[in-house]
> 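Sharing a structure below in structure tokens format, with a few things to ask.
Any value given below was found using the heavy atoms of this structure, including those in side chains, with hydrogens, waters and symmetry copies removed.
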Amino acid sequence: MQRAKGFEAALKRCVNQHHRAFSAQPNYAQHHHDDPQDLVMVEGRTKSRAAILNRPSALNALNTAMVSRLKRLYESWEDNPDIGFVLMKGNGRAFCSGADAVTLFQLVNQGKVEECRKFFETLYKFVYIQGTYLKPHVAILDGITMGGGAGISLPGMFRVVTDKTVFCNPEAQIGFHPDAGASYYLSRLPGYLGEYLALTGDKLNGVEMIACGLATHYVLNARLAMVEERVGKLVTDEPSVIKASLAEYGDLVNLDRKSILAKLEGIDRCFSHDTVEEIIDALEKEAADSYDEWCTTALKKLKEASPLSLKVSLRSIREGRFESLHQCLAREYRISLNGISKRVSSDFCEWDPPSLKEVSKDMVDCYFSPLPEVEPELELPTASREPFM
């Protein structure tokens with residue numbers, strides 16, 4: 001119990017580092033009376049449907065009930081000829097903070113691995129549905145968009161960000177790996193930005209997401225209600241009409257010269273190396289030569305992260321660069337299940353091993369190895385669906 005409380009505190013610190021404007025602490029307590037229909041609400045429009053993530057006290061963190069309901073809803077809406085497009089948003093001050101990592105941590109410690117496996121299977125299957133959806137999709141990423149929250153939204157057609165958007169993949173900071181399709185979309189960012197974001201857990205704002213291609217439209221939070229009302233009145237299934245409507249209320253963006261995206265040349269010099277150790281050496285040299293703050297900040301984050309997670313995450317991003325969405329999800333599923341099984345280490349619970357030099361190649365290889373026969377691989381409907389991205 002004490003370790004669980006420590007893990008929850010670490011996760012809260014991670015969330016707060018990425019959005020200090022939140023006045024309330026996230027509450028990840030499991031409410032067993034939660035009705036799935038309450039966790040994901042539905043708004044019906046003339047020609048569209050909106051799925052609303054409704055767990056604001058936990059920053060809309062995903063659990064199995066939520067992703068199961070999302071999967072059922074999206075499958076039924078896709079088959080409904082009266083629905084032209086679908087919208088997703090979050091209730092409260094976050095879009096979605098990713099998986100409910102505290103609950104997963106507790107389940108792992110209680111030996112309830114099957115419940116964790118079911119969560120990952122359902123989540124990754126929904127991500128694939130999102131990435132192959134036959135109808136236009138609009139995701140309103142207003143507020144925190146972390147980890148799995150990005151996974152359930154970024155594969156869709158339109159991604160709307162605001163001046164309140166905070167995006168990050170902080171998994172290495174909690175002893176996990178960027179999943180739910182992260183090895184697919186991060187590996188396709190300019191240069192080696194994906195490796196930087198995966199290993200450091202650094203955040204991007206809405207303008208930066210537009211600049212690097214993660215988002216398609218930018219709207220000020222103050223105008224968001226007007227945009228949603230306008231889009232909700234559309235009677236169409238044409239992507240071009242939806243795109244034009246979003247652009248009509250869009251705002252101009254200017255990248256801050258202090259943005260991490262202004263440091264892409266330095267990021268490429270450091271994060272293009274083959275190993276985490278070489279990346280750290282390059283960062284130390286860059287910091288000594290340039291006295292640039294981003295280098296020392298990146299070094300600090302790397303040294304705070306899980307050594308095993310850093311090595312697994314780097315390899316995952318590198319492999320994702322040459323794989324399709326379904327291949328990335330299948331590999332991430334292997335990594336996740338091998339991780340929670342503790343066959344290699346207890347890293348989801350604590351930093352094990354505690355240093356990079358103690359992380360062997362065999363340990364990393366184990367995370368990517370095929371699952372035992374008693375645990376089937378992730379099965380996705382690849383023959384009948386083609387990815388949009």
> Can you tell me which residue among Ser313, Ser336, Ser316, Ser183 is in a side chain to side chain donor-acceptor pair (under 3.5 Å) with His177?
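Only one option passes, and that is Ser336.
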> Please report whether the ring centroid of Tyr133 lies less than 6.0 Å from that of Tyr74.
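When the ring centroids of Tyr74 and Tyr133 are compared, they turn out to be within the sub-6.0 Å range.
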> Does Glu248, at its CD atom, have more than 12 non-hydrogen atoms belonging to other residues, nucleotides or ligands within less than 6.0 Å?
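Above 12, so yes.
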> Trp77 and Val42: side-chain contact (heavy atoms from CB on, under 4.5 Å), yes or no, with the steps?
CA-CA 11 Å; Trp77 292 340; Val42 174; 3.7 Å; yes
> Would you say Leu189 ends up clustered with Val253 if hydrophobic residues are merged whenever their side chains have heavy atoms under 4.5 Å apart, either directly or through other cluster members?
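Yes, one cluster joins them.
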> Return yes if some donor-acceptor pair links the side-chain N/O of Ser259 with the main-chain N/O of Leu255 below 3.5 Å, else return no.
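Not a single qualifying donor-acceptor pair exists.
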> Any carboxylate oxygen within less than 4.0 angstrom of a Lys/Arg side-chain nitrogen, looking at Lys357 and Glu277?
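Salt bridge between Lys357 and Glu277, a charged N being under 4.0 Å from a carboxylate O: no.
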> If the condition is side-chain hydrogen bond (donor to acceptor under 3.5 Å, both in side chains), which residues does Glu121 pass it with, not counting sequence neighbours?
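side-chain hydrogen bond (donor to acceptor under 3.5 Å, both in side chains) check on Glu121 returns Arg117, Lys125.
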> Keeping the roles fixed (side chain from Gln130, backbone from Ile152), state whether a donor-acceptor pair exists under 3.5 Å.
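Yes.
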> Any salt bridge between Asp365 and Lys361, counting N to O under 4.0 Å?
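Yes, charged N to carboxylate O under 4.0 Å.
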> Do the non-hydrogen side-chain atoms of Asn169 and Tyr185 ever get within less than 4.5 Å of each other?
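Contact flag for Asn169/Tyr185 side chains = yes.
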> Would you say the side-chain atoms of Gln173 pair up with the backbone N or O of Thr200, donor to acceptor, closer than 3.5 Å?
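A pair under 3.5 Å: yes.
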> Could you check whether any side-chain heavy atom of Ile279 comes within less than 4.5 Å of a side-chain heavy atom of Leu314, counting everything from C-beta outward?
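In short, these two side chains touch, coming nearer than 4.5 Å.
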> Between Leu308 and Tyr367, does a side-chain contact (heavy atoms from CB on, under 4.5 Å) hold up when you go through it step by step?
CA-CA 10 Å; Leu308 179 56; Tyr367 276 81; 3.3 Å; yes
> Side-chain contact test, heavy atoms from C-beta onward, threshold under 4.5 Å: evaluate it for Glu332 versus Phe120 and give yes or no.
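Heavy-atom side-chain distance check fails, nothing below 4.5 Å.
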> Main chain of Leu141, side chain of Thr165: is a donor-acceptor contact present, judged purely on distance under 3.5 Å?
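Side chain of Thr165 to backbone of Leu141, a donor-acceptor pair under 3.5 Å: yes, one is there.
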> Do Asp142 and Arg93 sit within salt-bridge range, that is, some charged N less than 4.0 Å from a carboxylate O?
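Looking at Asp142 and Arg93, the cut-off is not met.
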> In terms of side-chain geometry, is the basic nitrogen of Glu228 or Arg230 positioned less than 4.0 Å from the acidic oxygen of its partner?
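Salt bridge between Glu228 and Arg230, a charged N being under 4.0 Å from a carboxylate O: no.
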> Do Asp179 and Tyr333 meet the criterion of a side-chain donor-acceptor pair at a distance under 3.5 Å?
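No, no side-chain donor-acceptor pair sits under 3.5 Å.
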> Using a strict threshold of under 4.0 Å (side-chain N to carboxylate O), is an ion pair present between Glu78 and Lys135?
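Not counted as a salt bridge, because no side-chain N and carboxylate O are separated by less than 4.0 Å.
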> Would you say that more than 12 heavy atoms from the other residues, nucleotides or ligands in this model lie under 6.0 Å from the NZ of Lys243, or not?
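Not more than 12 within 6.0 Å, no.
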> Within the supplied structure, the quantity of interest is the number of heavy atoms (other residues, nucleotides, ligands) at a distance under 6.0 Å from Glu379 CD; does it exceed 12?
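No, not enclosed.
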> Do Met157 and Val138 come close enough that some side-chain heavy atom pair is under 4.5 Å?
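No, their side chains stay 4.5 Å or more apart.
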> May I ask you to establish whether Arg315 and Phe368 are in a cation-pi arrangement, using a distance under 6.0 Å from NZ or CZ to the six-membered ring centre and at most 45° from the ring axis?
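Satisfied, under 6.0 Å and within 45°.
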> Are the charged groups of Lys303 and Glu284 less than 4.0 angstrom apart, N to O?
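Salt bridge between Lys303 and Glu284, a charged N being under 4.0 Å from a carboxylate O: yes.
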> With no hydrogens and no angle check, is any side-chain donor or acceptor of Asn54 less than 3.5 Å from a backbone partner on Met41?
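Not confirmed, Asn54 side chain does not pair with Met41 backbone.
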> Got a salt bridge between Glu293 and Lys258, using NZ or NE/NH1/NH2 to carboxylate O under 4.0 Å?
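Result for this pair is no, no salt bridge flagged.
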> Does Arg55 use its side chain to pair, donor to acceptor, with the backbone of Leu39 at less than 3.5 Å?
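The answer is no, because no donor-acceptor pair under 3.5 Å joins these two groups.
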> So, does Ser97 use its side chain to make a donor-acceptor pair with the main chain of Leu59 at under 3.5 Å?
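Yes; at least one donor-acceptor contact below 3.5 Å.
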> Answer yes or no: are there more than 12 heavy-atom neighbours, outside Lys300 itself, under 6.0 Å from its atom NZ?
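For Lys300, atom NZ is not crowded (no more than 12 foreign heavy atoms under 6.0 Å).
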> Any salt bridge between Lys47 and Asp237, counting N to O under 4.0 Å?
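Looking at Asp237 together with Lys47, the answer is no, because their closest N to O distance does not fall below 4.0 Å.
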> Please determine whether a side-chain nitrogen of the Lys or Arg among Arg331 and Glu319 lies less than 4.0 Å from a carboxylate oxygen of the Asp or Glu.
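A salt bridge is present here (some side-chain N lies under 4.0 Å from a carboxylate O).
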> For Phe119 and Leu104: C-alpha separation, side-chain torsions, deciding distance, then whether side-chain contact (heavy atoms from CB on, under 4.5 Å) applies.
CA-CA 9 Å; Phe119 169 77; Leu104 289 173; 3.9 Å; yes
> So Phe158 and His137, do their side chains get closer than 4.5 Å, heavy atoms only?
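Counting from C-beta outward, His137 and Phe158 never come under 4.5 Å.
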> Check whether any side-chain heavy atom of Phe167 lies under 4.5 Å from a side-chain heavy atom of Leu197, and answer yes or no.
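Contact flag for Phe167/Leu197 side chains = yes.
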> A side-chain contact here means heavy atoms from C-beta on lying under 4.5 Å apart; do Met66 and Asp100 qualify?
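Answer no - side chains too far apart.
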> Between Trp294 and Leu283, is there a side-chain heavy-atom distance shorter than 4.5 Å?
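Heavy-atom side-chain distance check passes, below 4.5 Å.
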